*Asks:* 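Dropping the structure in here first, questions after.
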Amino acid sequence: MTPAQPNLNQLGLTKQDYVGAKSTLCPGCGHDAITSQIIQVAWEMGLEPHRVAKLSGIGCSSKTPTYFLSSAWGFNSVHGRAAAVCTGAALANRSLINLIASGDGDSMSIGIGQLVHMIRRNVPVVYILEDNGVYGLTKGQFSATADIGSTLKKGDINTLHPIDPCTLAMELGCGFVARSFSGDPKQLNTLLKAAFAHRGTALIDVISPCVTFNNHDSSTKSYKNVKDRDFPLHELGFVPYFEQTEVEIPAGEAREVQFPDGSRLTFRALREDYDPTNRYGALQAVHEAHAQGELLTGLLYIQPEGPTLHDQARLVEEPLALLRESLTKPGPKVLETLLEDYR
Amino acid sequence: MTPTHGGTAVADEAKTLINDFSIEVATVNGSGSQTANNTLMRSIFRMGVPVSGKNLFPSNISGLPTWFQIRANHRGYVARKHDIDLMICMNAETAKEDVTKLKPGAICLYDEPLKLNGLRDDLIWYPVPFQQIVSASCPEPKLHKLVKNMIYVGVAAQMLDIDMAEVAEAIARQLKGKQKAIEMNQAAAQAGFDWASTHMPAQQRLKIRRDNKTEGQIIIDGNSACAMGALFGGVTVVAWYPITPSSSLVETLIEYGKRHRVDPATGQTTMAVIQMEDELASAGVIIGAGWAGARSMTATSGPGISLMSEFIGLGYFAEIPSVFINVARMGPSTGLPTRTSQGDIELCAKASHGDTLHICLYPGSMEECFQFTYESFDLAERFQTPVFVVTDLDLGMQNWMSKPFAYPERAQDRGKVLTEAQLAEVQDFARYRDADGDGICARTLPGTPGGKGAYFTRGTGHNERALYSEKPEDWKGNIDRLRRKFDTAKAFVPKPLLEGSGSRNGILAYGSSDPAVKEARDLLAEQHGRHLDYLRVRALPFTEEVEAFIREHDAVYVVEQNRDAQMASLLRFFYPEFSTRLKSVLHYDSTAINAQTLVDQINAFEK
């Protein structure tokens, strides 16, 4: 896609307008690669920074919202519970564009209940789960996404079954489930764009190696290991609603998913039998691949329809936070009517 | 069917109690007794006699014993009365125990097959063949169980001289719109009345005489009053998780919202209500909503506050408006979910780890449940902080007389929120800069255009610009400012109410203890010649009137419904110099507080 001028997007903003503070994560951290793509995509998509609410819990990944979109409102909340804060913010102001940066510790242990119920409610949010299999900020304990047999740096072997955020989300009926790899910026870029076009909860599990505590050979979430096992399901292309030009559709048989805002996601299958619109087939394929040590990445499941939190709450169009007093405070006659029932 | 008088001496000595006695009805939970109990209470109310009604119910849906206490009192005393004058036994399982606790001379009306009259010879017995009456009056056998309780209402009305027209009206109002049910229940009450007229000898011990002391009043429960307060307080986001005894607050609010916050043309609402997966998430939602500019609230009870405390600390430290209504029940732990307590005073004042102090409001009446709830939204937004409305089961779920609520004319106070236009005027926005010296900094709402208002909210240490900071001066400056902000609230919270003046010692109380304290003061004055000034605290932070009251009295009896004298602890925390003046008068056996307990304890102190 080509912005209006080489260095300006359709809002007339430069990419520099989408950056944040300097990262304080370890040099080479996969999370920083994700942050770069968030900045890139927000700029390319022309997101209005002031409309973005960037929320997080606690952990290395949850620090990242300070590193992008400094003109957006940020909220570094409590461990595992950005989902509830986001639900509240979404109800208060339905015009916000919500983004949650979380991690496997934050989302798959303490926060799993809130994530599960956020998905059930289809809260409008791009939920980026920066997944490295360990607790980085507390110096390298296993998280709940660590694979059986993976080892810690000091040798401990994980014996517990991992929780897969993607199959969990699919099981719950999440309408947008994707997996990517911080080492595949092109794929992540396209998935992020599509996620912002999705009306409800869009979950992207991004395998993001921890260079300090989980990048050794005996870890299944090391950069090398993930790169070896990464099996991209398709080549992706994204046409945002504001782009009229034809997208470069990869050669071969291409499919397309249209989002309610008119954006289109095209994909050419690299694995022919994989259909991301078939939830049961997708679940089976992801499970089977995992059993064979393969890591399927790309758009795992898509269902752009489905009522969101806002649809179900039947809120007025204007943000609740900005309603005039006359709309939120009934008049004296209403009080009289209510009191009459207690006479 | 002749009433059997045990001790004739008792009967002879007894003089007629007019508009001053208590009734207890023992029934089975889930048997439809609630409608009958409310009818009896409201009939007395409609006779112009001040009344209160307390439901002592089990933590159970159906089948366990439940009791309903009605107190009629011409002087307007509405606290629980310790002794029962008329017992109505409808529950075989508890009948023996119900009868045993009565004082000699009490009247007991009972279901005849229970044959209770052999149990004691110092009570006045009235057996009533309920099954026989219901069979004769109600043609549909499957409805007998439902209307059986209404028979006792008719019997009691006849006994006590309650006008049957008022009974009929009370039924009609309660079952509004359900014509068949109204007729069936009115017929049952009438059948009870008719049976009593022909079969039961008149009694002269307890009588209701028409009076005019309830004119213009309503009977309401605190949860409904709080729900009404929230509706008129302009709440826009409600997140909750069901918990006794607060559930009916949100359920009532949902009903009000459907009627008065939905645009009939579009079906769209201005009030989002979301039932969350737990209390932690409920707190998270209202913090998120308050951050984004909504008037947000939750209602819960003590166990919920425990779970919400992490988010409450975040709300306090990141300075986010939100309202927490705590309808307290008996703790610790699961405790007694259906029994009242004032056991969460310290919990609410200091919820969450680290140094926290929260604005708390302590309503003591139905009008205050209404008023303090709508005012809590102004306070939350003015002070950008969680605000607690602390009620309890006794206020929240019981029936209280009240003057109709006055409409809140005052405009909403949305606090220091900078709009796009205001931001354009600001040279350099810093979220946590105390420009006015009152501890309250200006905030912005997510979504405000203009590119100048964005900031990063965090529960970690931060400087004026909301940037992460570990500098000691930033930390201390911030936490001291939060205390300054809390002190600023003194000028905004409801002041305490003072009754009496010039006594050497005084009483200090709060919340649902108020009716019992008022009655106890009269008893102490009339029966013991002790006059005590009374200060009712209505909010934290304490205002200067609280300090003055303690300073001006040698001893202050602090009345509370908890074991650890929690309000006294807070008073000692803020006024350590007066520590020894505070004497605790406590009631925490899980029943609602009563005046006699206070009289006895205060008399013991004053000896």
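Values in this document were obtained by computation on a predicted structure and should not be read as measured data. Throughout, a chain's letter reflects where its sequence line sits, starting with A, and its residues are numbered from 1.
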*Asks:* Heavy-atom pairs under 4.5 Å with chain B - which of A:Asp17, A:Val52, A:Asn93, A:Leu323 has more of them than the others?
*Replies:*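 Most heavy-atom pairs under 4.5 Å with chain B: A:Leu323.
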*Asks:* Kindly indicate, with the supporting measurements, whether the criterion side chain to side chain contact (heavy atoms under 4.5 Å, CB included) is fulfilled by A:Phe75 and B:Leu314.
*Replies:* CA-CA 11 Å; A:Phe75 198 149; B:Leu314 175 67; 3.7 Å; yes
*Asks:* Side chain from CB out, backbone as N, CA, C, O: work out which of these in B:Lys452 comes under 4.5 Å of a heavy atom of chain A, or both, or neither.
*Replies:*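 Answer is neither: B:Lys452 stays 4.5 Å or more from chain A.
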*Asks:* Sort out for me which of B:Gly290, B:Ser282, B:Ala283, B:Ala411 touches chain A most, counting heavy-atom pairs under 4.5 Å.
*Replies:*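 Most heavy-atom pairs under 4.5 Å with chain A: B:Ala411.
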*Asks:* Would you say that B:Arg458 contacts A:Thr66 through its side chain, given a criterion of any heavy-atom pair below 4.5 Å between the two side chains?
*Replies:*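 In contact.
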*Asks:* Using every non-hydrogen atom in the two residues, find where B:Ala292 and A:Ala321 come nearest and quote the distance to one decimal.
*Replies:*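 Taking B:Ala292 first and A:Ala321 second, the nearest heavy atoms are O-CB, 3.2 Å.
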*Asks:* Side chains of A:Val334 and B:Tyr407, heavy atoms from C-beta outward: is any pair under 4.5 Å?
*Replies:*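 They are not in contact (no side-chain heavy atoms under 4.5 Å apart), so the answer is no.
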*Asks:* Indicate yes or no: at least one non-hydrogen side-chain atom of B:Pro404 is less than 4.5 angstrom from one of A:Tyr342.
*Replies:*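 No, every pair of side-chain atoms sits at 4.5 Å or beyond.
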*Asks:* With a 4.0 Å cut-off on N to O distance, would you call A:Glu325 and B:Arg295 a salt bridge?
*Replies:*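 A salt bridge is absent here (no side-chain N lies under 4.0 Å from a carboxylate O).
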*Asks:* How would you list, in number order, the residues of residues 95-102 of chain A that have a heavy atom less than 4.5 Å from chain B?
*Replies:*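 Within residues 95-102 of chain A, near chain B: A:Leu96.
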*Asks:* If you count heavy-atom pairs within less than 4.5 Å of chain A, which of B:Ala272, B:Ser224, B:Gly284, B:Ser402 leads?
*Replies:*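 Greatest number of close heavy-atom pairs with chain A: B:Gly284.
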*Asks:* At a heavy-atom separation under 4.5 Å, does A:Pro319 approach chain B through its side chain, its backbone, both, or neither?
*Replies:*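 No part of A:Pro319 comes within 4.5 Å of chain B.
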*Asks:* Check the side chains of A:Trp73 and B:Thr444 for a donor-acceptor pair under 3.5 angstrom, ignoring hydrogens and angles.
*Replies:*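 Indeed, the side chains of B:Thr444 and A:Trp73 share at least one donor-acceptor pair under 3.5 Å.
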*Asks:* Please determine, among B:Arg414, B:Gln268, B:Met228, the option with the most heavy-atom pairs under 4.5 Å with chain A.
*Replies:*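 That would be B:Gln268.
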*Asks:* Sort out for me which of B:Gly447, B:Ala466, B:Pro446, B:Ala294 touches chain A most, counting heavy-atom pairs under 4.5 Å.
*Replies:*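 So the answer, after comparing B:Gly447, B:Ala466, B:Pro446, B:Ala294, is B:Pro446.
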*Asks:* Quick check: does any side chain N or O of A:Arg343 sit under 3.5 Å from a backbone N or O of B:Gly216, one acting as donor and the other as acceptor?
*Replies:*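 Yes, the answer is positive, given that a donor and an acceptor are paired below the 3.5 Å cut-off.
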*Asks:* Please flag which part of A:Pro332 lies under 4.5 Å from any non-hydrogen atom of chain B: side chain, backbone, both or neither.
*Replies:*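 The answer is both parts of A:Pro332.
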*Asks:* In terms of heavy-atom proximity below 4.5 Å to chain B, should A:Glu317 be classed as side chain, backbone, both, or neither?
*Replies:*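 Looking at A:Glu317, backbone and side chain both touch chain B.
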*Asks:* A:Leu315 and side chain to side chain contact (heavy atoms under 4.5 Å, CB included): which partner among B:Thr269, B:Thr236, B:Val237, B:Thr270?
*Replies:*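 The passing option is B:Thr269.
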*Asks:* Check whether any side-chain heavy atom of A:Leu338 lies under 4.5 Å from a side-chain heavy atom of B:Phe232, and answer yes or no.
*Replies:*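 When only atoms from C-beta onward are counted, B:Phe232 and A:Leu338 do touch, with a gap below 4.5 Å.
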*Asks:* Among B:Thr266, B:Asp263, B:Ile286, B:Leu280, which residue has the highest count of heavy-atom pairs closer than 4.5 Å to chain A?
*Replies:*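 Top count of heavy-atom pairs under 4.5 Å with chain A: B:Leu280.
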*Asks:* Any residues in residues 53-63 of chain A near chain B, with a heavy-atom distance under 4.5 Å, and which are they?
*Replies:*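 Within residues 53-63 of chain A, the residues under 4.5 Å from chain B are A:Ala53, A:Lys54, A:Leu55.
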*Asks:* Are the side chains of A:Arg314 and B:Val262 in touch, meaning some heavy atoms are under 4.5 Å apart?
*Replies:*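 Of all side-chain heavy-atom pairs linking B:Val262 with A:Arg314, none is under 4.5 Å.
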*Asks:* Is the closest side-chain heavy-atom distance between B:Glu277 and A:Arg120 below 4.5 Å?
*Replies:*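 Of all side-chain heavy-atom pairs linking A:Arg120 with B:Glu277, none is under 4.5 Å.
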*Asks:* Below 4.5 Å, heavy atoms only, C-beta onward: do B:Ile274 and A:Leu91 meet side chain to side chain?
*Replies:*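 Side-chain contact under 4.5 Å: yes.
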*Asks:* Considering only heavy atoms and a distance below 4.5 Å, find which of B:Gln174, B:Met276, B:Met271 pairs most often with chain A.
*Replies:*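 Ranked by heavy-atom pairs under 4.5 Å with chain A, first place is B:Met276.
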*Asks:* Between A:Glu340 and B:Arg173, is there a salt bridge with N-O shorter than 4.0 Å?
*Replies:*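 Judged by the 4.0 Å cut-off on N to carboxylate O distance, B:Arg173 and A:Glu340 do form a salt bridge.
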*Asks:* Heavy-atom distance under 4.5 Å to chain A: side chain of B:Phe311, backbone, both or neither?
*Replies:*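 Only the side chain of B:Phe311 comes within 4.5 Å of chain A.
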*Asks:* If I measure from the heavy atoms of chain A, does B:Thr252 come under 4.5 Å with its side chain, its backbone, both, or neither?
*Replies:*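 It is the side chain, since no backbone atom gets that close.
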*Asks:* In plain terms, say whether B:Arg259 and A:Asp341 are close enough for a salt bridge, that is, a side-chain N and a carboxylate O under 4.0 Å apart.
*Replies:*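 Answer for the salt bridge query: yes.
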*Asks:* Is B:Tyr468 in contact with chain A via its backbone, its side chain, both, or neither, using a 4.5 Å heavy-atom distance?
*Replies:*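 For B:Tyr468, no heavy atom lies under 4.5 Å from chain A.
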*Asks:* If I compare all heavy atoms of B:Ala289 with all of A:Ala92, which pair ends up nearest, and what's the gap?
*Replies:*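 B:Ala289 and A:Ala92 have their closest heavy atoms at O-CB, 3.5 Å.
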